[in-house]
> 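I have a structure here, written as structure tokens, and I will follow up with some questions on it.
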Protein chains: 4
Amino acid sequence: MKRIAVLTSGGDCSGMNATLRAVVRAGLVSGLEVIGIQKGYQGLIDRLYEQMSTRSVSNILQRGGTFLQSARCKEMRTAAGLKLASDNLKGMGVEGLIVIGGDGSLKGGYAIQQQGIPVIGIPASIDNDIPFTDYSLGVDTALNNIVHAVDNLKDTASSHDRTFVVETMGRSCGFLAVAAAIATGAEYSLIPEEPYNLDQICADLRNRFQEGRTNSIIMVAEGAGKAADIADQIKHRIGFETRIIVLGHYQRGGSPSVFDRILGARFGQAAVESLLKGDGGMMVGLQGADIVLTDLTKVTSSGIRPINPMLPRLANQLLA
Amino acid sequence: MKRIAVLTSGGDCSGMNATLRAVVRAGLVSGLEVIGIQKGYQGLIDRLYEQMSTRSVSNILQRGGTFLQSARCKEMRTAAGLKLASDNLKGMGVEGLIVIGGDGSLKGGYAIQQQGIPVIGIPASIDNDIPFTDYSLGVDTALNNIVHAVDNLKDTASSHDRTFVVETMGRSCGFLAVAAAIATGAEYSLIPEEPYNLDQICADLRNRFQEGRTNSIIMVAEGAGKAADIADQIKHRIGFETRIIVLGHYQRGGSPSVFDRILGARFGQAAVESLLKGDGGMMVGLQGADIVLTDLTKVTSSGIRPINPMLPRLANQLLA
Amino acid sequence: MKRIAVLTSGGDCSGMNATLRAVVRAGLVSGLEVIGIQKGYQGLIDRLYEQMSTRSVSNILQRGGTFLQSARCKEMRTAAGLKLASDNLKGMGVEGLIVIGGDGSLKGGYAIQQQGIPVIGIPASIDNDIPFTDYSLGVDTALNNIVHAVDNLKDTASSHDRTFVVETMGRSCGFLAVAAAIATGAEYSLIPEEPYNLDQICADLRNRFQEGRTNSIIMVAEGAGKAADIADQIKHRIGFETRIIVLGHYQRGGSPSVFDRILGARFGQAAVESLLKGDGGMMVGLQGADIVLTDLTKVTSSGIRPINPMLPRLANQLLA
Amino acid sequence: MKRIAVLTSGGDCSGMNATLRAVVRAGLVSGLEVIGIQKGYQGLIDRLYEQMSTRSVSNILQRGGTFLQSARCKEMRTAAGLKLASDNLKGMGVEGLIVIGGDGSLKGGYAIQQQGIPVIGIPASIDNDIPFTDYSLGVDTALNNIVHAVDNLKDTASSHDRTFVVETMGRSCGFLAVAAAIATGAEYSLIPEEPYNLDQICADLRNRFQEGRTNSIIMVAEGAGKAADIADQIKHRIGFETRIIVLGHYQRGGSPSVFDRILGARFGQAAVESLLKGDGGMMVGLQGADIVLTDLTKVTSSGIRPINPMLPRLANQLLA
């Protein structure tokens with residue numbers, strides 16, 4: 001194996017640059033040439049790429065986002081687009097591809113693998129919705145971003161006896177909302193994986209208020225409801241004026257946490273080693289303390305990563 | 001003078017605790033007793049207060065919000081409420097009151113002054129809308145909060161060729177939006193003080209896009225438009241998908257910046273010294289490098305602090 | 001079981017407050033009374049304690065340090081001191097004790113267990129030197145502190161073609177130094193677990209310089225050498241002027257990271273459940289994704305936690 | 001005027017990149033060509049430069065350090081070096097030079113002005129030792145860095161009843177130490193501008209200890225003493241074990257604060273406008289709310305900026 005390529009695809013997250021650095025450096029150390037594809041799969045179609053050197057990835061470790069950029073690519077979902085992408089890779093002399101991204105990006109990677117080019121996927125998704133890894137890249141940084149913002153809100157909440165509804169990312173996966181609830185001491189966390197009863201929450205809020213506990217934080221994953229709707233319903237049911245904040249893309253960026261920098265280093269190195277060993281069609285993942293490979297077919301056909309039931313239980317118990 | 005009181009009123013901001021600490025310590029050093037009134041003017045009505053010691057204010061300097069809490073108080077707007085508040089102050093033996101808050105709070109302070117109790121106001125308002133001071137307490141921390149969030153968004157904006165509309169606080173005053181635009185290199189800042197032309201901005205966005213400058217940040221003060229509306233209009237006019245974020249109460253809290261800690265220390269000390277000299281009915285303010293006293297009547301009758309025209313000009317010029 | 005106690009001992013770290021909150025809330029939810037002992041084992045000797053309520057632990061989750069305080073206690077190493085501490089616990093009606101601290105603190109806990117009071121230990125040590133847990137409390141926050149400082153230094157290093165030697169904590173354990181090296185892209189990490197050759201490093205520095213790579217960071221764990229000595233030797237051997245920084249206690253404090261907040265919540269809850277099940281003489285630890293109990297005898301007799309050999313290898317490979 | 005040049009010289013600081021961006025953008029908007037000189041005056045000697053475009057300065061606003069790099073340059077102190085530098089500037093067709101740096105750098109700028117090329121200086125020095133400006137570039141960020149570190153230490157100080165001695169930068173100027181003392185509530189600040197009496201401090205520390213106030217922070221500017229010496233003397237006199245931290249280059253870097261970003265924008269723009277108006281041999285400075293020009297001869301012959309006596313007084317009074 002002489003030449004590999006790497007791309008970032010789908011929503012960006014913090015830690016992608018650290019991972020790119022690890023892929024490039026681990027590749028060069030092993031005597032490989034490493035090609036950086038720009039703008040995700042679109043760059044494969046449009047042949048946007050450059051050869052990477054040690055310098056290409058110096059001073060990027062600490063930056064959020066992805067210096068190779070990312071983009072959506074509809075063509076990749078067509079047979080013609082997929083063929084063009086694969087032919088372009090072969091034309092570049094690429095013998096292995098590393099794809100850093102979420103569920104859709106990994107599916108694209110599997111499709112390329114089917115065209116005969118070994119592909120290793122690296123899970124990157126702040127929602128932590130990808131199965132077969134305890135953590136995807138970007139999750140820990142996103143959590144620290146959320147918690148920083150909620151710590152700010154708590155200053156006001158406790159200064160004013162106020163209730164806040166905070167909406168986090170997470171369309172199908174409540175990991176961010178429930179983990180942030182534990183980490184901030186939020187009173188409630190509403191997640192798509194578990195039914196919740198707003199009547200009961202309202203009754204509880206009223207009881208708390210009567211006991212003098214007059215401020216509270218409700219974390220809600222976007223897949224479990226809109227912050228604005230929940231605030232309206234609380235007002236409608238018990239008359240409380242709540243304030244809302246939708247954290248949106250603020251969650252994605254920022255200098256990566258140590259956890260994400262080291263995870264990115266490990267993922268990147270493991271992906272290169274895996275290609276060198278002749279693997280393909282696999283995703284690297286963190287399971288416990290270990291990096292473990294799982295078939296991309298298994299990853300992309302297993303649905304959303306189930307939330308560890310310990311987390312909601314812990315959140316409920318610490319609410320007290 | 002033997003005994004003074006202090007309260008925080010209106011929206012909380014970072015630096016209030018630092019100011020409270022300065023008031024208490026400067027008061028004690030001068031041989032005064034200092035009473036802390038809880039929950040703003042409501043606490044004056046309800047006689048919620050405690051005597052402050054050095055310990056009362058230890059380890060709070062670095063916290064956001066206000067440990068004395070703040071609240072709205074409708075009763076203070078009635079003659080009966082005002083009378084009750086003043087009588088309570090007199091009943092406590094209070095010979096001078098320091099009020100930390102925004103425009104409405106300073107008006108309340110002036111009303112109490114009219115009842116015969118000397119009052120010194122300290123301007124605290126993250127919007128920076130109070131006249132006769134270059135900076136109100138909390139502005140610098142709020143700006144740093146905003147800029148931290150926008151720096152995060154820029155990671156995604158530059159990774160994805162994306163346009164963001166970011167809504168800051170500022171109902172009548174665009175200071176936060178325009179200062180944050182300069183500090184983040186945002187391409188546009190829309191403020192209540194200056195008309196803007198969305199057609200022209202859209203034309204400009206399209207030109208930029210054609211030149212390959214495909215990401216941009218539009219800062220908008222809440223008084224100049226809703227982020228959601230502006231995003232809709234951009235989509236309607238030129239088809240660009242933008243992302244929005246409404247920073248809301250995230251802007252208020254957090255550990256105060258050095259600027260706000262020192263400003264709070266200076267304001268607090270100056271307010272105590274001013275009461276000791278026999279002043280009343282004044283607000284302390286920062287003018288250039290100096291602390292300057294202005295009549296509360298003048299402060300509360302002069303409308304919104306005008307934005308320094310240098311700032312919008314600077315923002316426009318650096319846009320390039 | 002009706003009443004348990006908790007104390008923090010040894011060097012403080014971020015996450016202790018989050019853990020105390022979890023112990024208190026999990027205890028109260030289970031119908032237990034929870035006693036907080038102040039100033040570590042010294043407070044056991046001196047009977048410094050208070051009963052904890054939900055309020056005792058509200059608004060502390062996000063603070064560094066330990067609100068129960070910690071202290072060294074020589075008396076605990078004497079039979080008389082140990083007896084007095086145990087008798088005091090029995091006198092308070094305490095049927096189980098949770099000890100949050102490092103190696104020495106866990107030994108103290110085992111000694112009390114020998115006196116007939118069930119004890120559960122929670123590993124807290126920013127060095128990550130305690131065996132049978134992947135992470136001790138405080139490690140992740142300390143790492144983020146270190147990396148924040150080194151990111152700052154890199155701004156100067158790359159502006160000035162300068163070499164820095166950065167000394168981290170870690171008397172016998174190089175975890176912080178090597179993990180921070182990976183997370184910052186430092187060129188070298190010197191740790192007590194691995195011999196290093198300063199001649200070779202100097203030769204390498206000179207080669208790098210000749211290739212135009214004129215700035216570098218050398219991380220050194222305190223157990224592997226003093227920053228000042230290493231800087232002197234580099235100057236002596238190859239004439240390079242280096243700058244040093246000894247991060248010291250800056251590493252310990254600060255608002256805990258999300259990882260440490262959740263780890264503290266899990267450790268605290270698991271410790272309470274463990275006492276309720278009748279366990280004693282055990283330490284909770286994180287092994288992979290799970291909380292696992294290990295005999296305190298095993299923990300305290302197994303020496304320093306070995307560093308995962310993957311880490312130095314990763315550091316070396318990414319140096320490129 | 002068709003072409004100007006800009007360089008950063010001396011110790012780097014946060015905000016230099018924001019200033020460079022402002023110089024380049026303000027220059028381009030005014031129809032000028034802008035040359036960026038690399039590595040300070042050394043780059044003038046060695047003809048290291050490149051023409052700046054809008055892109056050259058995109059995405060650097062938020063970075064610490066200086067992307068043009070800085071360096072010491074002994075040749076500039078010789079007549080031959082100065083002549084070469086000036087001839088090179090003339091050879092490039094440069095009609096005006098903007099120098100961003102400290103005292104020595106401004107002296108160099110004045111020397112070039114004497115060779116017939118208009119020079120405008122921008123004060124950049126984290127010590128805040130340059131006269132005729134309330135703030136130099138980088139001061140506010142450095143202060144926030146210091147305060148962040150001391151906030152961390154206070155977690156440990158209050159958890160352990162411990163005394164810390166914290167050494168800041170400031171060879172002749174105690175601004176950082178005294179401002180940080182106010183902002184962190186440190187008990188003492190030792191600065192070169194004011195004599196201090198260690199006997200009295202020790203007596204005071206002992207009294208405080210006896211009153212139960214068992215932790216304290218002593219800030220010391222490097223020009224007022226070495227942290228290690230002061231700690232030794234305290235130990236020698238009253239037996240207290242103190243911990244020290246020398247903040248060193250950690251103070252310089254990091255993402256610039258909003259204050260420094262806006263100050264840099266204003267300084268940069270004002271410097272360009274000043275050259276366009278035909279000025280030369282001047283330094284821009286912040287005086288109150290205004291940007292004011294002062295003759296470089298006056299700046300470089302007036303010695304160290306005197307510390308505002310309000311600051312030490314404020315620090316002393318808030319100590320209580």
Side-chain angles (χ1 to χ4, degrees), chain A residues 8-17 38-40 42 63-72 126 138 141-142 144-146 148-162 164-167 214-215 227-228 241-256, chain B residues 8-17 38-40 42 63-72 126 138 141-142 144-146 148-162 164-167 214-215 227-228 241-256:
Chain A
T8 50
S9 168
D12 68 297
C13 69
S14 283
M16 282 182 159
N17 281 327
Q38 288 151 358
K39 294 180 189 274
Q42 193 62 48
R63 314 268 182 242
T66 161
F67 84 100
L68 285 181
Q69 296 199 293
S70 185
R72 286 189 210 150
I126 69 168
T141 304
N144 277 287
N145 286 341
I146 295 168
H148 173 74
V150 177
D151 282 354
N152 271 18
L153 295 181
K154 288 188 79 165
D155 288 336
T156 295
S158 59
S159 297
H160 279 280
D161 297 341
R162 199 158 265 178
F164 281 98
V165 185
V166 181
E167 185 180 322
T214 48
N215 64 73
E241 291 277 4
T242 61
R243 294 286 186 273
I244 69 165
I245 185 163
V246 179
L247 293 172
H249 280 69
Y250 158 77
Q251 296 163 81
R252 282 199 181 286
S255 186
Chain B
T8 50
S9 168
D12 68 297
C13 70
S14 282
M16 282 183 159
N17 281 327
Q38 288 152 358
K39 294 180 189 274
Q42 192 62 48
R63 314 269 181 241
T66 161
F67 85 100
L68 284 181
Q69 295 200 294
S70 186
R72 287 189 209 150
I126 69 168
T141 304
N144 278 286
N145 286 339
I146 294 168
H148 172 76
V150 177
D151 282 354
N152 271 18
L153 295 181
K154 287 187 80 165
D155 288 336
T156 296
S158 59
S159 297
H160 279 279
D161 296 340
R162 197 158 267 178
F164 281 96
V165 184
V166 180
E167 185 179 321
T214 48
N215 64 73
E241 291 275 5
T242 61
R243 295 286 185 273
I244 69 165
I245 185 161
V246 180
L247 293 173
H249 281 69
Y250 157 76
Q251 295 162 82
R252 281 199 181 286
S255 186

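So that the names make sense, note that chain A is the first sequence line, chain B the second, and so on, each numbered from 1. Bear in mind that the values here come from a model prediction, so they are computed numbers and not experimental data. These numbers come from the heavy atoms of this one structure, side chains and all, not from hydrogens, waters or symmetry mates.
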> Against chain B, work out which of A:Gly65, A:Ser70, A:Ser14 has the most heavy-atom pairs shorter than 4.5 Å and name it.
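Top count of heavy-atom pairs under 4.5 Å with chain B: A:Ser70.
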> Tell me, for A:Asn17 versus chain B, whether the close heavy atoms (under 4.5 Å) come from the side chain, the backbone, both or neither.
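Contact with chain B involves no heavy atom of A:Asn17 at all.
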> Name the member of A:Ile245, A:Asp161, A:Thr156 that forms the most heavy-atom pairs with chain B at distances under 4.5 Å.
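Of A:Ile245, A:Asp161, A:Thr156, A:Thr156 has the most heavy-atom pairs under 4.5 Å with chain B.
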> Need one label for B:Phe164: side chain, backbone, both or neither, based on atoms under 4.5 Å from any heavy atom in chain A.
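Contact with chain A involves the side chain of B:Phe164 alone.
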> Side chain from CB out, backbone as N, CA, C, O: work out which of these in A:Lys154 comes under 4.5 Å of a heavy atom of chain B, or both, or neither.
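Contact with chain B is absent: no heavy atom of A:Lys154 under 4.5 Å.
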> For chain B, which candidate among A:Met16, A:Arg72, A:His148 shows the most heavy-atom pairs at distances under 4.5 Å?
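Result: the option with the highest number of such pairs is A:His148.
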> Tell me, for A:Asp151 versus chain B, whether the close heavy atoms (under 4.5 Å) come from the side chain, the backbone, both or neither.
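For A:Asp151, neither part sits under 4.5 Å from chain B.
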> Carefully, step by step, assess A:Arg252 and B:Asp155 under the rule side chain to side chain contact (heavy atoms under 4.5 Å, CB included).
CA-CA 8 Å; A:Arg252 282 199 181 286; B:Asp155 288 336; over 6 Å; no
> Between A:His160 and B:Asp12 (side chain of the first, backbone of the second, donor and acceptor by atom type, cut-off under 3.5 Å), is there such a pair?
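Yes; judged by distance alone, with no hydrogens or angles, the pair exists.
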> If you tally heavy-atom pairs under 4.5 Å against chain B, which of A:Arg63, A:Lys39, A:Gln251, A:Arg243 wins?
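Top count of heavy-atom pairs under 4.5 Å with chain B: A:Arg243.
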> Looking only at atom types and distance, does a side-chain atom of B:Ser159 sit under 3.5 Å from a main-chain N or O of A:Thr66, one as donor and one as acceptor?
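Yes, because the side chain of B:Ser159 sits within donor-acceptor range (under 3.5 Å) of the backbone of A:Thr66.
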> Using a 3.5 Å distance criterion without hydrogens, assess whether the side chain of A:Asn152 forms a donor-acceptor pair with backbone atoms of B:Gly254.
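Such a contact is found between A:Asn152 side chain and B:Gly254 backbone.
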> Checking heavy atoms, do the side chain of A:Leu247, its backbone, both or neither come under 4.5 Å from chain B?
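The answer is the backbone of A:Leu247.
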> Below 4.5 Å from any heavy atom of chain B, which atoms of A:Ser158 appear? Answer side chain, backbone, both or neither.
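Answer is backbone: N, CA, C or O of A:Ser158 sit under 4.5 Å from chain B.
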